[in-house]
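All remarks here apply to the structure that follows.
Note that the structure is a prediction, hence the values are computed from the model and not measured. Side-chain atoms are counted along with the backbone in the values below, which use heavy atoms only and exclude waters and symmetry mates. Residue indices begin at 1 and follow the sequence shown.
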Amino acid sequence: MPSNSRKLQICFAFGALFLLALGVGCTGFFQDPQIVTLTVGPQSANIQQGSTVQMSAIANYDDGSTKTLNSNVFWSSSDTDVAPITQGGLVTGASPGTATITASSGAITGTTTITVTVTDAVNQTASASY
């Protein structure tokens with residue numbers, strides 16, 4: 001019959017093997033999911049000159065999960081004369097036209113378009129007088 005010391009050694013050996021097997025089997029568990037695409041919204045927005053719209057960037061990960069990114073996103077506009085954007089994702093309709101808004105997180109980017117239209121001041125004044 002094995003001594004208590006030998007039983008303890010055997011228990012520790014089995015415990016160590018179990019933890020090793022668990023660690024090898026859970027390799028993916030310890031890795032952070034990676035962004036595969038960014039979805040930028042709102043998609044194809046139309047805003048009036050002088051108005052603003054808050055953009056959002058939704059990260060789509062390789063494990064199937066999604067998350068709205070509030071930080072770690074670099075925002076840019078293809079035409080800052082039409083639609084400048086802050087690093088917080090706020091677009092301003094500066095002048096009539098169309099601009100592509102891009103969100104980047106590392107090497108992953110997503111885009112959408114913003115169309116800025118002229119405010120129809122004549123119709124707004126006429127509507128307000130009724």
Side-chain angles (χ1 to χ4, degrees):
M1 182 162 156
S3 68
N4 285 340
S5 152
R6 183 73 179 144
K7 287 180 187 177
L8 192 57
Q9 287 175 340
I10 291 171
C11 284
F12 278 127
F14 277 113
L17 286 174
F18 174 76
L19 290 175
L20 180 64
L22 183 64
V24 169
C26 294
T27 301
F29 181 76
F30 297 107
Q31 294 176 354
D32 290 332
Q34 300 297 307
I35 298 174
V36 290
T37 60
L38 278 177
T39 303
V40 179
Q43 286 289 305
S44 303
N46 294 311
I47 62 172
Q48 290 188 342
Q49 186 176 3
S51 297
T52 59
V53 63
Q54 180 63 51
M55 304 305 291
S56 65
I58 300 172
N60 304 292
Y61 292 92
D62 59 1
D63 67 355
S65 64
T66 61
K67 179 182 176 184
T68 301
L69 300 180
N70 295 324
S71 59
N72 298 329
V73 177
F74 177 77
W75 292 100
S76 63
S77 172
S78 65
D79 192 340
T80 56
D81 291 334
V82 172
I85 188 166
T86 67
Q87 284 311 301
L90 186 66
V91 175
T92 300
S95 63
T98 301
T100 299
I101 302 299
T102 302
S104 302
S105 180
I108 308 298
T109 62
T111 63
T112 190
T113 57
I114 296 287
T115 301
V116 179
T117 57
V118 177
T119 305
D120 190 355
V122 175
N123 285 342
Q124 287 180 352
T125 305
S127 316
S129 64
Y130 288 111

Minimum side-chain heavy-atom gap Thr92-Val53 below 4.5 Å = no
Should Met55 and Ile114 count as side-chain neighbours, where that means a heavy-atom distance under 4.5 Å?
-> yes
Just jot down the side-chain hydrogen bond (donor to acceptor under 3.5 Å, both in side chains) partners of Ser95, sequence neighbours excluded, or say none.
-> none
Check whether any side-chain N or O of Gln49 sits under 3.5 Å from a backbone N or O of Thr117 as a donor-acceptor pair, and report yes or no.
-> no
Between side-chain atoms of residues 38-46 and protein atoms elsewhere (two or more places apart, or another chain), which donor-acceptor pairs fall under 3.5 Å?
unit_1, atom_1, unit_2, atom_2, d
Thr39, OG1, Asn60, ND2, 3.1
Gln43, NE2, Val40, O, 2.2

What is the minimum heavy-atom distance between Val91 and Ala83, and which atoms define it?
-> CG1-CB, 3.7 Å
Scan the side chains in residues 99-110 for donor-acceptor partners under 3.5 Å anywhere in the protein, sequence neighbours excluded, and list what turns up.
unit_1, atom_1, unit_2, atom_2, d
Ser105, OG, Asn72, O, 3.4

Is there side-chain contact between Lys67 and Tyr61, with at least one heavy-atom pair below 4.5 Å?
-> yes
Can you name the closest pair of heavy atoms from Ile47 and Ser51 and give their distance?
-> CD1-O, 3.8 Å
Rounded to the nearest 0.5 Å, how far does OG of Ser76 lie from CD of Gln87?
-> 8.0 Å
Which heavy atom in Asp62 sits nearest to a heavy atom in Pro33, and how many Å separate them?
-> OD1-CA, 3.5 Å
Between atom CD1 of Ile85 and atom CG of Leu90, what is the distance when rounded to the nearest 0.5 Å?
-> 7.5 Å
